[in-house]
Amino acid sequence: MALPVSRYTPGIPVPASQRRFGARDMFSLWFSLGVGLMVLQLGALLAPGLGMSGALLAIACGTALGVLLLGAVAVIGTDTGLSSMGALRLSLGRHGVALPALLNLLQLVGWGAFEIIVMRDAAALLAVKAFGAGSGWNSPALWTLLFGSLATLLAVAGPLTFVRRVLRKWGIWLLLGACVWLTWNLFAKVDLGALWRRAGDGSMPFALGFDIAIAMPLSWLPLIADYSRFGKTAGRVFGGTALGFFLGNCWLMSLGVAYTLAFVPSGEVNALLLALAGAGLGIPLLLILLDESENAFADIHSASVSLGILLPLKVEHLALAIGALCTLIAWFAPLAEYQNFLLLIGSVFAPLFGVVLVDHFVLRRRRPAPAPIIALRWDALLAWAAGVTLFHSLVRFYPDIGATLPALALAALLQAAFGLLRRSQAASQKQSA
């Protein structure tokens with residue numbers, strides 16, 4: 001069955017005429033995706049153990065290295081014109097991409113539902129504060145349906161419509177205004193010198209804080225080419241992506257640290273949201289809450305693209321079905337344990353993209369893969385499996401040293417070694433012939 005062609009078809013390169021994203025578009029998108037309620041909550045997680053200075057250093061170092069990797073994977077999308085899973089076929093083979101596509105679909109459906117739950121709970125909190133507990137505006141069903149529908153509508157419209165008509169024109173300015181107001185409120189009410197000198201309680205080692213910070217940009221690796229394939233030039237895509245996500249993620253995570261230390265000594269995340277709801281009549285939190293729908297949009301759209309690599313259906317139709325599924329999960333399913341399962345699945349993608357980066361930049365030197373694409377790349381799959389094994393071994397036996405970078409580095413080194421060995425064997429066979 002022939003795959004119906006649309007500008008979002010994952011297995012077909014985006015033609016040059018439809019590549020409209022420049023540096024400003026990528027900056028707007030990735031600044032927005034770097035900002036969110038979950039980013040604030042991760043800052044709150046770092047605050048007690050590391051203190052202000054230690055947490056900010058971990059955030060800056062982890063995010064800086066993470067966005068370099070994120071930008072590099074974005075360049076793969078621009079070089080090939082393919083979606084993330086479409087580009088993975090070049091490294092893993094036609095059949096080898098099935099496993100990461102299914103894992104990505106599973107985690108994105110879960111994260112899409114979780115984003116809707118986060119938005120629902122924050123909106124209900126704001127509604128209670130504004131209208132009272134008996135007003136009816138704190139209904140979980142109402143907010144679940146509203147935010148699920150909004151995220152699904154954005155995903156069906158697609159990234160070109162969303163970024164250029166919503167984010168670039170006015171969404172980015174509202175978000176910047178919220179961040180600036182929260183920063184000004186902090187400077188006006190808090191002795192930052194005293195906050196800076198407050199030491200952490202030592203409950204979190206710096207390496208673990210670094211691992212948490214770098215996990216934010218790395219969590220977007222399986223998605224980013226779904227958007228960067230619409231980029232005009234690799235340099236602008238890399239610069240806009242790296243700068244946008246670095247600024248948004250560092251800013252919001254640092255605010256999460258500072259607000260927790262200043263207003264929430266206990267470190268409770270719900271108390272952090274209550275403190276933010278009381279700032280500026282809750283308007284900055286409301287704007288960040290609305291921005292969270294963009295994260296759900298990205299989850300639903302990229303889940304559709306991942307499924308589209310396996311099924312001969314249009315991405316727009318898949319987005320409608322997956323958005324409805326995420327909304328139903330958010331409405332009915334308890335996700336307390338599922339979130340840990342999603343984090344477990346997400347851990348496989350750091351070593352996977354160590355393989356992909358080496359294959360694209362070192363072995364193929366940004367050139368297209370030779371046609372036809374082989375069915376399975378066993379060497380790449382082996383390198384990936386070794387990285388995943390190292391990741392979970394470090395988490396289990398050496399949790400204080402961090403697992404993300406060692407796993408990514410091992411997978412990358414093995415892929416380079418296997419690739420050079422394969423090239424040497426091919427050269428020897430050519431000479432003997």
Side-chain angles (χ1 to χ4, degrees), residues 34-69 118 182-183 185-187 189-219 245-276 278-279 336-337 339-344 346-347 350-351 390-410:
V35 171
L37 297 174
M38 296 180 69
V39 180
L40 284 164
Q41 292 172 355
L42 277 181
L45 181 66
L46 298 176
L50 296 177
M52 187 73 177
S53 58
L56 293 191
L57 181 61
I59 290 168
C61 294
T63 306
L65 185 55
V67 297
L68 293 178
L69 296 170
V118 169
L182 287 174
T183 304
N185 183 63
L186 183 71
F187 275 72
K189 295 182 178 179
V190 176
D191 182 352
L192 293 179
L195 207 63
W196 181 265
R197 291 189 295 271
R198 186 188 302 179
D201 59 21
S203 59
M204 177 180 290
F206 178 83
L208 182 56
F210 174 88
D211 228 22
I212 290 173
I214 197 175
M216 287 304 298
L218 293 190
S219 68
F245 196 89
F246 180 82
L247 181 59
N249 193 74
C250 282
W251 198 348
L252 261 289
M253 201 177 292
S254 299
L255 285 176
V257 173
Y259 269 81
T260 298
L261 293 175
F263 303 113
V264 190
S266 64
E268 292 291 333
V269 171
N270 287 338
L272 172 62
L273 291 178
L274 285 169
L276 291 169
E337 296 300 325
Q339 183 183 358
N340 293 328
F341 178 57
L342 293 170
L343 291 170
L344 180 67
S347 69
L390 178 62
F391 184 100
H392 290 287
S393 298
L394 290 175
V395 167
R396 181 175 180 181
F397 297 110
Y398 303 99
D400 291 347
I401 68 173
T404 302
L405 286 183
L408 187 148
L410 176 64

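By convention here, the first residue in the shown sequence is residue 1.
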Applying side-chain contact (heavy atoms from CB on, under 4.5 Å), run through V39 and M216 and close with a yes or a no. CA-CA 8 Å; V39 180; M216 287 304 298; 3.7 Å; yes
[Y] side chain reached by [X] side chain, heavy atoms, under 4.5 Å:
X	Y	answer
I212	M204	yes
T63	I214	no
L65	C61	no
W196	L56	yes
F210	I59	no
P406	L394	yes
L186	L192	yes
F391	T404	yes

Judged by atom type as modelled, is there a donor-acceptor pair below 3.5 Å linking the side chain of R198 to the main-chain atoms of G51?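 Checked: no pair found.
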So, taking the atom named [atom1] in [X] and the one named [atom2] in [Y], what distance separates them when rounded to the nearest 0.5 Å?
X	Y	atom1	atom2	result
L45	M253	CG	CE	9.5 Å
T260	Q41	OG1	CD	9.5 Å
L40	S254	CG	OG	10.0 Å
Y259	K189	OH	NZ	7.0 Å

The test is side-chain contact (heavy atoms from CB on, under 4.5 Å); show your working for L50 and V257 and say whether it passes. CA-CA 10 Å; L50 296 177; V257 173; over 6 Å; no
If you look at every heavy atom in [X] and [Y], which pair is closest and at what distance?
X	Y	value
A213	A58	CB-O, 3.5 Å
P217	G62	CG-O, 4.5 Å
A403	D211	N-OD2, 3.0 Å
T183	W251	OG1-NE1, 2.8 Å
A262	L195	N-CD1, 4.0 Å
P48	S203	C-OG, 4.5 Å

